[in-house]
Structures are given as C-alpha cells and as structure tokens.
Amino acid sequence: DAGVIQSPRHEVTEMGQEVTLRCKPISGHDYLFWYRQTMMRGLELLIYFNNNVPIDDSGMPEDRFSAKMPNASFSTLKIQPSEPRDSAVYFCASSLHRFTEAFFGQGTRLTVV
Amino acid sequence: AQTVTQSQPEMSVQEAETVTLSCTYDTSESDYYLFWYKQPPSRQMILVIRQEAYKQQNATENRFSVNFQKAAKSFSLKISDSQLGDAAMYFCAYRRTNNNAGNMLTFGGGTRLMVKP
C-alpha cells in the first residue's frame, strides 16, 4: 500500500479564498483523522471519522472549517473563507481500528497570505 | 479529557550515548495504548514504538525502549546508542480503546532531540 496520501503538499492562497485539502487513507482502515500542527498549539485534532461517519468534530475551530468523507477512500477538509491564522501543516492519518496506531500522510503546508 | 505532557521541550545527546525522553499522561481509563512518534525535518510522522496498557512488559524496538509505569502514568522513551539520524521532534501519544467516542490520538507537546557528533 502507498500509505496515506495527501494533496497538495503545499498550498499558498490569499485571504478569503476557499481551500480544499484532500486525503486518501490506507485501504481497509476504518478510522480517519485530521490534525493541524502549529508552533504555538502543537498537534491538534480537528475531526475524526469512523466508517465514514464523523465521530468528534469538537476540534474544528469554527464554521469556516468543514470536513467530509463521502466514501472509505477519500476525505476532504475545506476552509472557506481562509484567514492568515489558518496557516499551518494539516495532517491526515488513518488507522485499522481503535486498537492500533495511526499512520500519517506527509501533510499539507498551508500558507494564507 | 485525556492530557499528555512532555516536560522537556529540548534535549541533546552525544552520538552513541543514551537519552531518555519523558512523558506523563492523565486518564481515568484502565485500557489504552501509548505511542512514541518521531517527526524529522521532512515532517513525516513515523511510529517509533507502541505499548498496550494491559501489558506489564515494556516494549522494545531495536535501540528504542520504553519505561511504562502505569500507576504513575508515566511513559518514557529510551534511545540507546544515539545516531545522528535520531535527531527529530518526538511526540508521545495516548489512545483510549473503549468502544465509545474518544478513540482519537492525543499528543503531547513534543520534545526536540538534538544529537551531537
């Protein structure tokens, strides 16, 4: 398996624009996580899914953020409108079930100018 | 809510020496998993080692081992024979395993490890 695949690797956008981050989890994994990493706040969980169903979205900063998982092999994290404080590295991770470690994608570095 | 604390923002070690990174956590659960992840400058998060809370034996992976003290809620990582490639951020993580909501990974703030040649 190719591992967790995220796209794009880097994204630079202007304030107010819509940004969509994409993730393909490892085949067969039934958990999918979105994390955000910043110097100030470290690794924060934004939302996670189990069998494509959102379980906990309490980490989503505000209504500008939304996440979907339309099927077992694809998830998106959307920010609309984007703001400079959204600049961070966004990681997607998946795990086989609740007893196992999560495998991470390489992250998307988002810069909002 | 579970919390994970890494009290050492930075550590340094001489090449070939041994270093121990500290981690404590707070939970009311009895069954859970603990992990150490490594994040090199490439920013890829790499699993180093995992420990099941129900196992008394400390996990070991080659030069990496843990000291798991369940009663003290402590989970330290020992790196033996440190190599230059071990230089990275190290994150301790906790995951509860019950079937209710809350099965996410909770991370500590990280420890930056520098290895001196």
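Order of the sequence lines sets the chain letters (A, B, ...), proteins ahead of strands, with each chain counted from 1. These numbers come from the heavy atoms of this one structure, side chains and all, not from hydrogens, waters or symmetry mates. Only a predicted model underlies this, so the values are computations on that prediction, with no experimental measurement involved.
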Value rounded to 0.5 Å, distance of [atom1] in [X] from [atom2] in [Y]:
{"X": "B:Met104", "Y": "A:Ser58", "atom1": "CE", "atom2": "OG", "value": "6.0 Å"}
{"X": "B:Gln44", "Y": "A:Phe104", "atom1": "CD", "atom2": "CZ", "value": "9.5 Å"}
{"X": "A:Leu43", "Y": "B:Met89", "atom1": "CG", "atom2": "CE", "value": "8.5 Å"}
{"X": "B:Phe107", "Y": "A:Glu44", "atom1": "CZ", "atom2": "CD", "value": "12.5 Å"}
{"X": "B:Thr97", "Y": "A:His97", "atom1": "OG1", "atom2": "NE2", "value": "11.0 Å"}
{"X": "B:Arg95", "Y": "A:Arg98", "atom1": "CZ", "atom2": "CZ", "value": "9.0 Å"}

Which atoms of B:Tyr37 approach chain A - backbone, side chain, both or neither, heavy atom under 4.5 Å: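 For B:Tyr37, the side chain is the part near chain A, not the backbone.
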
Segment of A:Arg41 engaging chain B (4.5 angstrom heavy-atom cut-off):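 It is neither, since no heavy atom gets under 4.5 Å.
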
Residue part contacting chain B, namely of A:Gln37, when any heavy atom lies under 4.5 Å: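 The answer is the side chain of A:Gln37.
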
Options A:Asn50, A:Thr100, A:Leu45, ranked by heavy-atom pairs under 4.5 Å with chain B, top entry: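 Maximum pair count with chain B is reached by A:Thr100.
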
Main-chain N/O of B:Leu34 paired to A:Glu101 side chain as donor or acceptor, under 3.5 Å: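 Pair absent, no side-chain N/O of A:Glu101 close to backbone of B:Leu34.
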
Considering all heavy atoms, the nearest B:Arg43-A:Arg9 contact: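 Smallest heavy-atom distance, with atoms named: NH2-O, 2.9 Å.
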
Reference residue B:Leu105; test side-chain contact (heavy atoms from CB on, under 4.5 Å); the match among A:Phe33, A:Tyr35, A:Tyr31: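 Option passing the side-chain contact (heavy atoms from CB on, under 4.5 Å) with B:Leu105: A:Tyr35.
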
